[in-house]
**Q** 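Here's a structure for you.
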Amino acid sequence: PSTPLLRGVNLTEIESLALSSQLNMADGHARQELTKAQRSIVDELPDLFAKAAAQPVDDLEREAHRAYLHLLHQHSYPTRPGGVLTCYSSSVAMEILARSLVPAGGGPVALVHPTFDNIPDLLRGNGLRLLPVEEDVLHEGSVSAAVPEGVRCLFITTPNNPTGRVLAEQRLAAIAAECAARDVVLALDTSFRGFDTRSHYDHYAVLRDSGCRWVVIEDTGKLWATLDLKVGLLASSDHVGLPLAKIHSDILLGVSPFVLVLVTRFAEDAAAGGLADLHRFIADNRALVRATLADVPDLAFPDGDARVSVERVDLGERRCLDVWTRLRQSGIYVLPCSQFHWADPARGDHSLRIALARVPGALEAAVRALRAVLLRP
Ligand SMILES: N=C(N)NC[C@@H](O)CC(=O)C(=O)O
């Protein structure tokens, strides 16, 4: 049986246990130090606050969309009114999408497997049935297998969490064409795309050219240590045929213009070299984890070319719950992977996920403690 003690507990509940720990390597939020350039943005906050108060919020929203999406080379995003809805977080955007799919009727939602469990939880919480689509089926092989028969929507997290796997441009085009032919809504969660330049081809141009009905969820919250001051973006095709704007209005009037201005400034700094620096920072932290654990027997890193801000560790015969529990006794937190395998949790019972957007010193201390636990029988 899967890790019984964590049965019925979701990943976010496990992450919340770690929130006050100095050695929290659990959640995928950005908790590294601010760079010098980012600190100077924070020093400007009083002026940014005044700017946010003075300018029309429509302008600030358009500026934030453009700064963030152009940073990631997404030049063809929809600019029509309501084409990109701004939310407090990507999970709020996810909830709006899930609710909008319900009246559409039709079959289940096909969802990439594994992926972060709040996605299946939000979909199921709205009464939708789910069909898992394994990453290998999604990324390779016949396109018709990637779009199961009778589904109303195909939902893909790319880059995926926790694997970091990125949907290639040609594959996206092929899947989008299949969805167009079968009138299946294609939904992408691209929350981790900031870390991986392989996901910086213009997804919106590919989706637009395919003619399919599509939705994309973006998240500014994973990249910069802005204390979760962030926005989620809910972009959609003009013929998506889902009541996204209506449900969005049920949930919020709008996000804080102050957060919009902050996101714009961080995105501008990222475009001026900050994003490349962040990529190097995450790569160095990934190398630190792998070097520190290099001499531990019966251990592997299954996502060899991952670039996202998390790293999965395959524990061999060891059970993730045992390791997680022993680490927690020292106030150190990582994330067990069972719940990522939302359709078959046992497949995650022998792996952990380590957050990489952390202060290197803290990360090293946590991974050294993990090494000690793994070396002790
Ligand atoms: N709404 C939720 N559940 N938020 C948690 C999520 O942001 C954590 C995450 O995505 C990760 O740890 O990979």
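In this text, all values refer to a predicted model and were calculated from it rather than measured experimentally. FYI, side chains are in, hydrogens and waters are out, and symmetry mates aren't considered; it's all heavy atoms of this structure. As the structure lists them, so they are numbered: ligands from 1, and atoms in each ligand from 1.
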**Q** For ligand 1, which atoms sit closer than 4.0 Å to a heavy atom of S91?
**A** 1 (N), 2 (C)
**Q** State the atoms of ligand 1, each with its element, that fall below the 4.0 Å cut-off from a heavy-atom position in K222.
**A** 7 (O), 10 (O)
**Q** Which word best sums up how the rings of W342 and H113 line up, parallel for under 30°, tilted for 30 to 60°, or perpendicular for over 60°?
**A** perpendicular
**Q** Is it the case that the side chain of H279 and the backbone of G194 share a donor-acceptor pair, with hydrogens and angles ignored and the cut-off at 3.5 Å?
**A** yes
**Q** Show your reasoning for whether side chain to side chain contact (heavy atoms under 4.5 Å, CB included) applies to R198 and R307.
**A** CA-CA 9 Å; R198 293 170 297 185; R307 298 185 194 163; 3.4 Å; yes
**Q** Which class fits the ring pair W224 and F266: parallel under 30°, tilted 30 to 60°, perpendicular over 60°?
**A** tilted
**Q** Do T35 and D277 come close enough that some side-chain heavy atom pair is under 4.5 Å?
**A** no
**Q** Just which atoms of ligand 1 are under 4.0 Å from any heavy atom in N118?
**A** 1 (N), 2 (C), 3 (N)
**Q** Under 4.0 Å, counting heavy atoms only: does H29 come that close to any atom of ligand 1?
**A** yes
**Q** I want to know if ligand 1 touches F116 in the polar sense, i.e. an N/O pair below 3.5 angstrom.
**A** no
**Q** Does one side chain, of T86 or H65, offer a donor that lies under 3.5 Å from an acceptor on the other?
**A** yes
**Q** Can you list the atoms of ligand 1 that are under 4.0 Å from a heavy atom of E15?
**A** 5 (C), 8 (C), 11 (C), 12 (O)
**Q** Can you tell which part of R353 has a heavy atom less than 4.0 Å from ligand 1: side chain, backbone, both or neither?
**A** side chain
**Q** Name the residue from D303, D196, D136 that meets the salt bridge (Lys or Arg N to Asp or Glu O under 4.0 Å) definition with R165.
**A** D136
**Q** Need the ligand 1 atom indices (1-based, order shown) with element for anything under 4.0 Å from a heavy-atom of D27.
**A** 12 (O)
**Q** Nearest protein heavy atom to atom 3 (N) of ligand 1, by residue and atom, and its distance?
**A** T12 OG1, 2.7 Å
